[in-house]
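Just so you know, these numbers come straight off a predicted model, no measurement behind them. Note: hydrogens, waters and symmetry copies are ignored here, and every other heavy atom, side chains too, is used.
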Amino acid sequence: MYYDSNTGLNKMKRYYFDQPTTDKFVEFLMTQAEVIAPQKKGDASYSYEVVTSGKDIVYDYPRTIQPLKKYFLPPRETLLSFDSKNNEFKKTDIALNNRIFFAIHSYEMQGIKRLDYSFTQGNPEFNYLQRRENSIFIGISFNPDKWHFTKSVGISIEEVERFSLYFEPVDNGFLVFEVDDTGKELISKFGNGLSLDASMDFEVREKEFKTKIKYHYNRLPQVFEHVYNSKVWSDIAQKCVGCGTCNLLCPTCYCFDVRDEVELEISKGKRERFWDGCMLNEFAEVAGGENFREKLSSRTRHRLHRKFKYITDHSGELHCVGCGRCTKYCPANISIVEIINNLIEEYSDHQKEQII
Amino acid sequence: MKKDLNINVHHLTRVEGHGNIVVDMKNGVLNKSELHIVEAPRYFEAMLKGRNFHEVAITTSRICGICSLGHQLTSLKATEVALGLEISEQTEILRKILVDGATFQSNILHALFLATPDFLNVGSVFPLINTHKEVVLAALRLKRLANDIGDLISGRAIHPISCVPGGFTKLPTEKELSDLKEKLIKEGIPDAEFAVEVVASLADKIPTFERETEYISVYNDKEYGFYDGVICSSDSGLIPVDNYLEITNEFIVSHSTSKHAKFNRSSYMVGALARFNNSHKLLNPLAQKVAEKLGLVAPNYNPYMNTVAQVVEVAHCIENTIGLIDMLLDRGIKNEKPNQEPTKYGRGIATTEVPRGILFHDYTYNRKGLIEKANCVIPTGQNLANIDDDMKKLVPEIIEESKEDITKKLEMLVRAYDPCISCSVHMLEVDFIE
Amino acid sequence: MSKPKVAFFDFTSCEGCQLNKLNLENDLLSILELVDIVEFREAMDDKADEYDIAFIEGSISTPTCVERIHDIRRRTKILVALGACAVNGGINAMKNLYPADWVKEEVYGEDKYLFPSIPVQPVSALVKVDYEIRGCPMSTPEFLHVLKSLVLGRKPESFDYAVCVECKLKENECVLDKGMFCLGPISRAGCDAICPSNGQYCTGCRGLVSNINENGAVDMLKQHGFSEKEALNRMRLYCANDIEN
Amino acid sequence: MENTAIEKQDLYYPMMSEIVKVETLTNLEKRFEIALPDNQILGHLPGQFVEVSIFGYGEAPISICSSPTKMPNFDLTVRNAGKLTDKMHSMKEGSKIGIRGPYGNGFDVTKFEGKDILFVCGGIGLAPLKSLIDYTIAKRQKYGRIIILYGTKNPSEILFKEDIKMWQGSKEIEFHMTVDKPDEYWKGNTGVITTLIPPIDLDISNTIATVVGPPIMYKFVIMSLKGKRMPDENIYLSLERRMKCGVGKCGHCQINDTYVCQDGPVFHYPHAKQLEEAI
Ligand SMILES: Cc1cc2nc3c(=O)[nH]c(=O)nc-3n(C[C@H](O)[C@H](O)[C@H](O)COP(=O)(O)OP(=O)(O)OC[C@H]3O[C@@H](n4cnc5c(N)ncnc54)[C@H](O)[C@@H]3O)c2cc1C
Ligand code: SF4
Ligand code: SF4
Ligand code: SF4
């Protein structure tokens, strides 16, 4: 899971882009495909948006509000439109534009990788997979803030898996690494006639993560074998208000709800799906009023188990990528790392007791 | 001559709120001719006590759905005076656009949807969809356009969202503003001109009746008095806003959950006609032309002409909004945050013209920024005594007509004031005892 | 199938919800294709004896209201509570926080008996309410959704989850994050998070989500710098009847 | 994504099918016979379900209550519980509805061959089990005893009265039923369904028990079966959860790490026992 980043990048061909070259590169990308990149949103937030002017791109950003999943599993999506008078329905056209996702962080890319797994398992899902076609990803490194803990879940800042190119900021510009053939092709198309000094040495500077999980990520599934009945869940439930933010903004959460809505011309309408979340009250309620996860403690437990155990048991990967969104945006300031560390503590106490 | 007459209109329709008209004449003596306000009291001023300054305008906006914007702005202004919050020029321009939009919306609603059916002898606007589809469509477009103004500038036309103490939490973009301006020019003005034609063709249906009274409105020597200014009385001239209690002199009458008001005479009038009579010289050129076309000349003493004055104001508001948008576009939209750091705590009094007339909010804040004392004086309340006086003069003048016609004329009279009954019952002054 | 007969009634309220319907200018004509509006005092003179669907705006706050609402319930097949005032008492219910007699006396002095007033109650406290449209004012898309659903003869969707959900779906910058107050995490959705989307905070006008963690909510607001007193006070703006302690 | 075979493009798209017969069973339940387009055969196993779809009203998972041996049409028994089910109740012969499926695992009928089968059905739980009951009756010689225990709240909720008459009259089937609250005409057993279990004589090592009913029923039925020393391996349950997609994507039906729509709704008890949230 965890690549030695130094060797990873060191083997790759690289180029130096100063800022004007970078701007030109963005312009070039925009001629190739729709470019999507982080931009400012509100006072102190960011979001991935379609680029209309290279000036809007923010290269140094902590994280966006919504993860990149919004481009593959939109928050609100029409599954089909119908005409009930004639008993007909139309599948929705999913536009197949080429898209380049630019200035993406490693954990975000890994989030997409986890979603790929979830949407290809069992019944592969056409809507998602079709949106995933013709996507190119260009990575960029980031400076961890107090919410990131990607390293604790085995994802380094310089993890380049699934990127085509990777940008590392250096003085007055970027070192651009050629990760795969698509990246190579892009550079050669763009670089025609430009002198892109490629000889620069590069050494990864270790960046400090302020937030850490106490155990190595390899041991987390094992911890989760033993904490199902932990007290930690009910402790968290005292604070949690069940707003669902942690589900909705998580890059690897993908649960949804489906609703039909008709137009004022009552026979026409559409079937839409929306992001949903297991933290919400009605998520597991059935006709007759039975709610299979009524307590907030059981909901948080389910959420965490989906990140660290249930899917992990099948995919072999943790389904938390350490982006820190669920913590940063939780109105009740509930920290996922704190939950895990508390679970670890309880688990290790328990282990000690067993030894004695 | 008829000696006895008894009219009791229970829950007058096509007005906002609940009111009854009661006329009682025995042996030629008029015992009673009153508008009974039976709306349930809501005790807003009491509820305001202890509310944080962020919540005050949100609460007072709920006094009335129709004038929610007027309450909101007046409330914000009073809060800003009390807490010493300066607002920017941009905020002021945006607020003026909002006042124009709200007046435009409300006047169209009243003139075309609520009052016009009377002139055409139908019970509501709905039958007109079949008989006068073009008019209804134009009216709907105008109303939508007016609401678009509120939606764009404050997030929602009813109970606005983004205008808060000290400024706006969200600003329109320049593109949105210039699109709105386009629409006002391309759609708004032609539709308004069409509406004026329609009203002109109905002019002979407007009852002739005159009763001179005192006209009170906001006055401002730079522009038609809407957003801000001093108090103007046609009897005694200009009066500072802080002295509003000298004018309103509220008193309780048993037939109304809303208090009545009087100043120099037994009653006074507020609203479109009062504004027109006091400020007509400051109307925009388009509105001046409309007034001329509709035969509205100041001073006008026919309360039924209030509806016509509203149409004149619609023209004014559209043209004025276009000018204000130009002003904003010239300056460019600046990304300003609301100024919400109080510099003092105390009393603040503010006035604004809402569609139905002059409105006062008067707050006292304590040192924690919580409301200690509040008073709101609402236009419909101020008009009630004047409506009763009008009825007293009108009933004997039309006593020879059928009871049905008399009832209709009385209903039309009350409707002409465009009374906003549900807000009028909130003009309740409460002193809190700690 | 004949068109359902629809009536609108107003009780103690600002009538903003009714007006909001008139603000459906673009859809008004299509609505009239779907239903027959048989009573709507704010806009028309007509009255009817029976209705298929009655929309009720406003809270119950006088003895006359009590009679009227029972009468309407008898005449209608379906009764929909429209807007915060009708659904949970809304802003009016703040009145209940004060001793009633004191308020009345302060306002009307010795004339206080002229105007009877009882504690503010939601419509559901007196008669069976089939469906609710929450909000202050009600949201027009939701009103349309309910109207269309009832014309289809189906149960409308209810939105028993937090405003935060809709806020996140729209990718708004969180106003709590900006140091403002917000009730979005515990208030019912269905408004499409219109207030946070306009940079303003959620005032909880749609009432609270069911099965709520009330202590957690107060703690949450405390963590954002609001005292327990302020937090509860501000929750009561629209939920005076629903907040216990 | 390169090289991903896009299979099943029609994951969420229903087949427009026809209701060919409607039969009122109780105040709340109706049985519908459904014909797929072009005489297609659904090809289900007993215990599987379909997603029923009515445009404007949504979708709902409904168990197939007829045996696969009945062809080409199949039956659904629907309780009026909300948006879609209410609309379905107002539909007549000839109406169109959408069908997706069959979904879920269903019962492994070959594994049951040669065994005695005990059916424990609570309320509407009889509907999903009916497909298995009918199947075992159709293939009668392959199975041992067929014992059906059926309990409802009150006599008015009894489903499939015709079939019950047949079961009661048949020598090849042992049928017992009970109601929680009898009315004045009720002559049979009264009491909850677990009261039917102790009196019956079972060859527990060769009996398969299949249990379907309301959520609270499972715990007690299993306790009774354990009381008869029924081994866990011989017990099968079918569980209900909220469900939207039916194809393992929407997340609603998860019991711990298990998707009811994929790995269920039929659960082998030793597996269900491992799932903390299951019963
Ligand atoms: C595998 C499976 C098999 C089923 N088989 C049958 C059957 O054979 N016959 C039958 O009548 N019913 C069956 N059900 C239950 C049926 O799916 C629900 O009653 C139905 O979804 C309600 O849909 P609605 O649109 O009518 O109600 P809605 O208006 O959507 O909701 C009414 C209530 O039902 C709840 N609900 C929503 N979705 C579901 C759901 N998937 N399951 C249960 N409750 C839900 C909601 O919480 C709500 O309170 C089955 C459910 C499952 C999961
Ligand atoms: S974001 Fe926080 S408060 Fe909201 S559901 Fe998640 S953990 Fe609970
Ligand atoms: S669980 Fe939290 S930290 Fe982990 S990927 Fe999801 S949102 Fe990010
Ligand atoms: S602004 Fe309010 S509603 Fe939106 S996410 Fe933040 S807390 Fe929730």
Colleague: Please identify, among N211(C), L221(C), L152(C), V209(C), the residue contributing the most non-hydrogen atom pairs under 4.5 Å to chain A.
Modeller: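 Of the candidates given, the most pairs with chain A belong to N211(C).
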Colleague: Is it the backbone or the side chain of L280(A) that comes under 4.5 Å from a heavy atom of chain C, or both, or neither?
Modeller: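 Just the side chain, heavy atoms under 4.5 Å.
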Colleague: As an exercise: rank K328(A), E282(A), E265(A), R76(A) by heavy-atom pairs under 4.5 Å with chain C and give me the winner.
Modeller: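 Top count of heavy-atom pairs under 4.5 Å with chain C: E282(A).
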Colleague: Does the side chain of F142(A) come within less than 4.5 Å of H148(A)'s, by heavy atoms?
Modeller: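 H148(A) reaches F142(A) side chain to side chain.
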Colleague: Under 4.5 Å heavy-atom distance to chain A, tell me which part of K222(C) shows up: side chain, backbone, both or neither.
Modeller: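 Neither part.
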Colleague: Can you tell which part of S210(C) gets under 4.5 Å to a heavy atom of chain A, answering side chain, backbone, both or neither?
Modeller: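 Contact with chain A: backbone and side chain both.
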Colleague: Given a strict heavy-atom distance threshold of 4.5 Å, which part of L248(A) is in contact with chain C: side chain, backbone, both, or neither?
Modeller: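 Contact with chain C involves the side chain of L248(A) alone.
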Colleague: Taking side chain to side chain donor-acceptor pair (under 3.5 Å) as the test, write out the residues that go with K70(A), two or more places apart.
Modeller: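 Side chain to side chain donor-acceptor pair (under 3.5 Å) check on K70(A) returns E171(C).
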Colleague: Side chain from CB out, backbone as N, CA, C, O: work out which of these in L34(C) comes under 4.5 Å of a heavy atom of chain A, or both, or neither.
Modeller: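 Just its side chain gets close to chain A.
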Colleague: With a 4.0 Å cut-off on N to O distance, would you call E108(A) and K69(A) a salt bridge?
Modeller: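 So E108(A) does not pair with K69(A) through a salt bridge.
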Colleague: One pair to check against ring pair (Phe, Tyr, Trp, His ring centres under 6.0 Å): F72(A) and F101(A). What are the steps and the verdict?
Modeller: CA-CA 12 Å; F72(A) 308 108; F101(A) 297 90; 5.3 Å; yes
Colleague: What part of D260(A) gets closer than 4.5 Å to chain C, counting heavy atoms only: side chain, backbone, both or neither?
Modeller: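 Contact with chain C: backbone and side chain both.
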Colleague: With heavy-atom distances below 4.5 Å as the criterion, would you say the side chains of I56(C) and F8(C) are in contact?
Modeller: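 Not in contact.
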Colleague: Which bit of A44(A) is near chain C, if near means a heavy-atom gap under 4.5 Å: side chain, backbone, both or neither?
Modeller: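 For A44(A), heavy atoms of backbone and side chain both lie under 4.5 Å from chain C.
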Colleague: So which residue, L169(C), L147(C), I212(C), ends up with the most heavy-atom pairs under 4.5 Å with chain A?
Modeller: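 Of the options given, most contacts go to L169(C).
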Colleague: Would you call L304(A) and W233(A) a side-chain contact if the rule is heavy atoms closer than 4.5 Å?
Modeller: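 The answer is yes; the side chains approach within 4.5 Å.
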Colleague: Quick check on Q238(A) against chain C: is it the side chain, the backbone, both or neither that has a heavy atom closer than 4.5 Å?
Modeller: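 Answer is backbone: N, CA, C or O of Q238(A) sit under 4.5 Å from chain C.
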Colleague: Which is it for K5(C) and D36(C) under the salt bridge (Lys or Arg N to Asp or Glu O under 4.0 Å) test, yes or no, and what are the steps along the way?
Modeller: CA-CA 5 Å; K5(C) 290 207 239 359; D36(C) 272 333; over 6 Å; no
Colleague: When you check the gap from the basic side-chain N to the acidic O, do R259(A) and E272(A) get nearer than 4.0 Å?
Modeller: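 So R259(A) does not pair with E272(A) through a salt bridge.
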Colleague: Heavy-atom distances under 4.5 Å only: say whether F283(A) touches chain C with side chain, backbone, both or neither.
Modeller: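 Interface part for F283(A): neither.
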Colleague: Mind ranking Q223(C), K170(C), K148(C), H224(C) by heavy-atom pairs under 4.5 Å with chain A and telling me who comes out on top?
Modeller: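 Most pairs with chain A among the choices: K148(C).
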Colleague: If the condition is side chain to side chain contact (heavy atoms under 4.5 Å, CB included), which residues does K178(C) pass it with, not counting sequence neighbours?
Modeller: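 Once residues adjacent in sequence are excluded, the partners of K178(C) under the side chain to side chain contact (heavy atoms under 4.5 Å, CB included) criterion are D43(A), E173(C), V175(C).
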